[in-house]
2 protein chains.
Amino acid sequence: MTTLADVAALAGVSVATASKALNNRQQVAPTTRQRVVEAAEQLRFRPNTLAKSLLTGRSGTIGLVTHDLDGRFSIPVLMGVEDAAGTGKMSALLCDARGDSLREAYHLQALLGRRVDGLVVVGARPDPRESLGRLPVPVVYAYAPSLDPEDMSVTVDHEAGGRIGVEHLIACGRSRIAVISGDPAYGAAHQRATGALAALGAAGLAPWGGEVLFGSWTESWGRSATEMFLARPDARDAERGIDGILCGSDQIARGVLDVLRERGVAVPREVSVVSHDNWELFATGSRPQLTSVDMHLEDLGRRAANRLFEAIEGRATPGIDVVPSSLVMRESSLPTG
Amino acid sequence: MTTLADVAALAGVSVATASKALNNRQQVAPTTRQRVVEAAEQLRFRPNTLAKSLLTGRSGTIGLVTHDLDGRFSIPVLMGVEDAAGTGKMSALLCDARGDSLREAYHLQALLGRRVDGLVVVGARPDPRESLGRLPVPVVYAYAPSLDPEDMSVTVDHEAGGRIGVEHLIACGRSRIAVISGDPAYGAAHQRATGALAALGAAGLAPWGGEVLFGSWTESWGRSATEMFLARPDARDAERGIDGILCGSDQIARGVLDVLRERGVAVPREVSVVSHDNWELFATGSRPQLTSVDMHLEDLGRRAANRLFEAIEGRATPGIDVVPSSLVMRESSLPTG
DNA sequence: AGATTCACCGAAAACCGTTTCTGCACTTTC
DNA sequence: GAAAGTGCAGAAACGGTTTTCGGTGAATCT
């Protein structure tokens, strides 16, 4: 690897001058600058970031600790962070703790040893997590917020997501709306349900069947729940039957659509279906394509990164930042007018 | 951040002794070593990796350049690399070039500036890619091999995958096997088909319908292809009809299953279905669950990383390393006996 | 007792590549 | 001929780790 000294030697100047020439500083004659630049190109000189880090005390790297790299939700967040870092001359060190706090601690130590300027911790699920406590560098919790309100967190507004979904169904002229949520062990399942119930209540409605159903995030649960609904005597009644279903995830919706199709229920004419997550592959692969609530996870990742960069600059902003969701409309819901 | 000097001061020794104590060197009395270790723990001392890197010329980091972070196939490879790095005291700097060679070049420069010890380049699709040429550090191409045979590459044996799939169907007692491949723009689509045809030929068979169908990797194509097959007059003939289908991907298989189900074709009794990729979510969410060829991508990533580490140690091994696939059996194929 | 050996430890320097501070020489201007 | 400015080089600093070398004291040997 060529060093600045090599460049300086080739250009016939001192390292000091070479440094100034390459960094567009004053006190260098244009011809000299030119000679240095040419020498640098000729030698394919790349300044050693590590050495600079020593001077500035900044490594220009952030630690990216994830908990389910193979999961559906971490990746978009990661992409957002990586994108924000790349445009800001920062690089991200990737670590996968796989949900294990021991692995997390191990990676944390390794990252601190590398003198990362900050950390983004991406949770495996949206429920709040234990804080890492005071660390020598700022930390932003993404997706899963920290339990400590003094920490910086960026997360999703699941309640608003549920509300948006129902409001859209109502706007489609639906009023007998069933709600099939996901795994009750997840806070998000409840929050989405709460938002949905709030929107129903605001319109003077109650969920079809009287209550929200909880199960799991799977297609299989979507199928079971739908069969349970259809088993009720008034399910397909023209006046009192279901005319809309809000699903806790695209996978659930996928199961729902399968059963509706099998039973000859027309979607969206007879029943409109709206789901959460907007997982392209599921949402566009199904028949009909799914209207779904998008959490804007990549945006969430970008925000997390930018907040971290601000904190590194000394402008920390404690508290939870909530990224609003929005609806992506497709065929499974039929908007009126 | 605490330095070695702080630790030495607290332990009442010199930095030299503290260094020797913490690095298990000779010339330190056991009691002294103990004092130093305790002081280090008390102060949460983490040696500055950057400072050491300057001395040794090794940064202990590798660059991880991916081309579709949100894609299905990069992630498992990434996980494998990250896992191998973590156990080997290395860290991975993540970059997403998003299929753009300009972005790739930019990230490459940034990584070289950070003095990474090596690079793993993960392709977006399995087709061979342009070599990056001679770089000051070793490079391993993962998933998408390099066109230059002197480079180090680790990739998938798609032909064997196709063979394995057909051999399994034959072992299930099937002999009238249709092959629905994916996007013909992908080499993998052809290689999988070639392997399938070879296995059929070895058993004295030809694909049902006379040829392999190419389309895209989508569910929609799986549905269309199946409908085309079923539209033939002898499709469901007891003697000459289809009794097995090999699909180019789980998504295609998903579409295939949907149509078979709609048409009342029993899977696996009447027709056995085998697919590629073993994407858990698709393979286990379908009815019946899919038998699928697994590419062992995480293993591929681990191999790539380990080969890179060997190259960094000076033991480079040019050439293409092919990771064998294997079958994961589920309900969609009915093994006999 | 005096000499020798040895284990243990500390001071100081080297080291990595870059930036920046300080000062010197030379030129231009009044 | 003094003052001001320009262009450049030398050397320190950055933050650690490691190494070299020499010194201390205790134990062993003569």
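In what follows, every chain begins at residue 1, and chains take the letters A, B, ... in the order their sequences are listed.
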J.: May I ask you to verify if any side-chain N or O of A:Arg25 is less than 4.0 angstrom from the OP1 or OP2 atom of C:dT20?
T.: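 Checking A:Arg25 against C:dT20: at least one side-chain N or O falls below 4.0 Å of OP1 or OP2.
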
J.: What I want to find out is whether A:Arg302 reaches A:Asp83 closely enough, with some N-O distance under 4.0 Å, to be called a salt bridge.
T.: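 A:Asp83 and A:Arg302: salt-bridged.
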
J.: Using whole Å, what does the distance between atom P of nucleotide D:dG16 and atom CG of B:Leu55 come to?
T.: 13 Å

J.: Among D:dG7, C:dT18, D:dG16, which is the nearest nucleotide to the side chain of A:Ala29?
T.: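 Among D:dG7, C:dT18, D:dG16, the one nearest the side chain of A:Ala29 is D:dG7.
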
J.: Without decimals, in angstroms, what is the distance between B:Asn24 CG and D:dT18 P?
T.: 12 Å

J.: A:Lys52 has an atom NZ; how far is it from atom C1' of C:dG17, in whole Å?
T.: 11 Å

J.: Pick the closest DNA chain C nucleotide for A:Thr49 and for B:Pro30 by heavy atoms, then say which residue is nearer the 5' end.
T.: B:Pro30

J.: Whole-Å distance between C:dG10 P and B:Arg35 CZ?
T.: 8 Å

J.: Calculate, to the nearest 0.5 Å, the distance between atoms CD and CG belonging to A:Glu280 and A:Asp294 respectively.
T.: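 The CG atom of A:Asp294 is 8.0 Å from CD of A:Glu280, to the nearest 0.5 Å.
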
J.: Just how far is it from atom OG1 of A:Thr3 to atom CZ of A:Phe45, taken to the nearest 0.5 Å?
T.: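 With rounding to 0.5 Å, OG1 (A:Thr3) is 7.0 Å from CZ (A:Phe45).
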
J.: With the side chain of B:Ala51 defined as its heavy atoms from C-beta on, choose the nearest nucleotide among D:dG15, D:dG7, C:dT18.
T.: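 When the side chain of B:Ala51 is considered, D:dG15 is the closest of D:dG15, D:dG7, C:dT18.
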
J.: Is the side chain of A:Ser53 donor-acceptor paired with the backbone N or O of A:Arg58 at a distance under 3.5 Å, no angle test?
T.: yes

J.: Has A:Asp96 got a side-chain atom pairing as donor or acceptor with A:Arg98's backbone, closer than 3.5 angstrom?
T.: yes

J.: Hey, can you tell me if A:Phe73 and A:Tyr143 have their rings parallel, tilted or perpendicular (30° and 60° cut-offs)?
T.: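 Correct class here is parallel.
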
J.: Output the rounded distance in Å from CG (A:Asn48) to P (C:dC16).
T.: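 Roughly 12 Å, once rounded to whole Å.
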
J.: If you take any heavy atom closer than 4.0 Å to DNA chain C, which residues from residues 10-23 of chain B end up in contact?
T.: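 Within this stretch, B:Gly12, B:Val13, B:Ser14, B:Ala16, B:Thr17, B:Lys20 sit under 4.0 Å of the strand.
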
J.: Any carboxylate oxygen within less than 4.0 angstrom of a Lys/Arg side-chain nitrogen, looking at B:Asp321 and B:Arg303?
T.: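 Answer for the salt bridge query: yes.
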
J.: I need the CZ-P distance between B:Arg114 and C:dC16, as an integer number of Å.
T.: 22 Å

J.: Scan A:Thr56 against the nucleic acid and name what it touches under 4.0 Å (heavy atoms): base, sugar-phosphate only, or nothing.
T.: nothing

J.: Please determine, for the side chain of B:Thr32, which listed nucleotide (C:dC9, D:dT17, C:dT18) has the closest atom?
T.: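 Among C:dC9, D:dT17, C:dT18, the one nearest the side chain of B:Thr32 is C:dC9.
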
J.: Separation of B:Leu54 atom CG from C:dC16 atom P, in whole Å?
T.: 9 Å

J.: Between atom CG in B:Leu4 and atom C1' in D:dG15, what is the gap in whole Å?
T.: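 Going from CG in B:Leu4 over to C1' in D:dG15 covers 11 Å.
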
